[in-house]
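Step one of this worksheet: look at the structure below.
Reminder, nothing fancy here: chain letters follow the sequence lines and each chain counts from 1. Quantities reported herein were computed from a predicted structural model and do not represent experimental measurements. Hydrogens, waters and symmetry mates are skipped; everything else that's a heavy atom, side chains included, is used.
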Amino acid sequence: MSSIDEQVQRIRSMVLPSGVLHGDPFQVLIKTILSHRTRDETTDTAASRLFERFPGPRELKNAPLEEVETLVRPTGFYSVKAARIIEVARIIDEDLGGVVPRTKEGLMRLPGVGPKTANCVRVFAYGDDAIPVDTHVHRIANRLGWVHTTSPEATESALEAVLPRHLWVPINELLVTFGKQVCRPVRPRCESCLLADTCPHGSAHSHVREGGIVKRHFENQ
DNA sequence: ATCCCGAGGG
DNA sequence: CCCTCTGGAT
């Protein structure tokens, strides 16, 4: 019927990813740590101000904690984030010769770097093939029935098995944009979704019959 | 399972 | 006022 490739093509016709996260590995890394549970516009402005003051690991590792906290405050979790990025800067400068790790294991040894952040650096800084699984990718891959998983990490390995390799890199930005505009966490816009006919989440078995009329219901309304 | 936590939208 | 936002560590 409808292959994953065909479904992705339809998603492409619905949304236009912005794709602003590229460049120097250190800045991609720090920016991604700051982006945790934070809107990306907020992350962007905070990161710009931070790098204006402390451009690289050498400068950031000696930065006063309180000043860094003030700079990253708008992103929330400012206390943990400030401590994390200063420590990350120190490790990279002193232990790793100024080089941001390129492997998932190496990246995940850094404080504040989990699977999603590690893969963001591999993809957006080094151009390697990886699938950063955030809440959008996890939610949508399950809604579409591509995977049946309960954790983002399980989703990552499951997706590696079913997603054609050429989609690994683009799938994150694509589903994130799709997830914000159409397939939202709450009250998804199934009426204007081109996948509604084949989507298990919005079709047959999630329907409930009411007075002969088929009505959609979702877990969060 | 809980905590970290500001900012913006409904 | 209540909710969520491209998580990670305990």
Rounded to whole Å, please give me the gap between CZ in A:Arg184 and C1' in C:dT6.
17 Å
With a 4.0 Å cut-off on N to O distance, would you call A:Glu52 and A:Arg49 a salt bridge?
no
Could you tell me how far C:dT4 sits from B:dT2 if I compare only their P atoms? Round to whole Å.
16 Å
Might you list the N or O atoms of the protein lying below 3.5 Å from N or O atoms in nucleotides 6-9 of chain B, with each pair's distance?
none

Under a 4.0 Å threshold between the charged nitrogen and the carboxylate oxygen, would A:Arg139 count as salt-bridged to A:Asp134?
no
Rounded to whole Å, please give me the gap between CG in A:Leu29 and P in C:dG7.
16 Å
Whole-Å distance between C:dC5 C1' and A:Asp134 CG?
11 Å
Less than 4.0 angstrom from a charged side-chain N to a carboxylate O is my criterion; do A:Arg53 and A:Glu67 meet it?
yes
Determine the Euclidean distance between corresponding P atoms of B:dA7 and C:dG8; express it in Å to zero decimal places.
22 Å
Under the criterion side chain to side chain donor-acceptor pair (under 3.5 Å), which of A:His138, A:Lys104, A:Lys116 is the partner of A:Glu156?
A:Lys104
Can A:Thr43 and A:Thr38 be counted as having a side-chain donor-acceptor contact under 3.5 angstrom?
no
Rounded distance in Å - CG (A:Asp44) to P (C:dC5)
17 Å
Could you list all N or O pairs between the protein and nucleotides 8-10 of chain C that sit under 3.5 Å apart?
unit_1 : atom_1 : unit_2   : atom_2 : d
C:dG8  : OP1    : A:Gly114 : N      : 3.0
C:dG8  : OP1    : A:Gly114 : O      : 3.4
C:dG8  : OP1    : A:Thr117 : N      : 2.9
C:dG8  : OP1    : A:Thr117 : OG1    : 2.7
C:dA9  : OP1    : A:Gly112 : N      : 3.2

Looking only at side-chain N and O atoms, does A:Ser79 come under 4.0 Å of OP1 or OP2 in B:dC5?
yes
Taking CZ from A:Phe178 and P from C:dT6, how many angstroms apart are they, rounded to a whole number?
16 Å
Under the salt bridge (charged side-chain N to carboxylate O under 4.0 Å, His left out) test, residues paired with A:Glu59 that sit two or more places apart
none
Touch check for A:Lys81, heavy atoms < 4.0 angstrom, all strands: base, sugar-phosphate only, or nothing?
nothing
Kindly say whether A:Leu163 contributes a backbone atom to a donor-acceptor pair with the side chain of A:Trp168 at under 3.5 angstrom?
yes
Is it true that A:Arg122 and A:Asp129 have a side-chain N and a carboxylate O under 4.0 angstrom from each other?
no
In whole Å, what separates the P atom of B:dC3 from that of C:dT6?
23 Å
Linking I/L/V/M/F/W/Y whenever their side-chain heavy atoms sit closer than 4.5 Å, directly or via other members, would A:Val182 and A:Trp146 fall into one cluster?
yes
Looking at every strand, decide which applies to A:Val80 at a 4.0 Å heavy-atom threshold: base, sugar-phosphate, or nothing.
sugar-phosphate
Tell me: CG of A:Asn172 to C1' of C:dG7, nearest whole Å?
13 Å
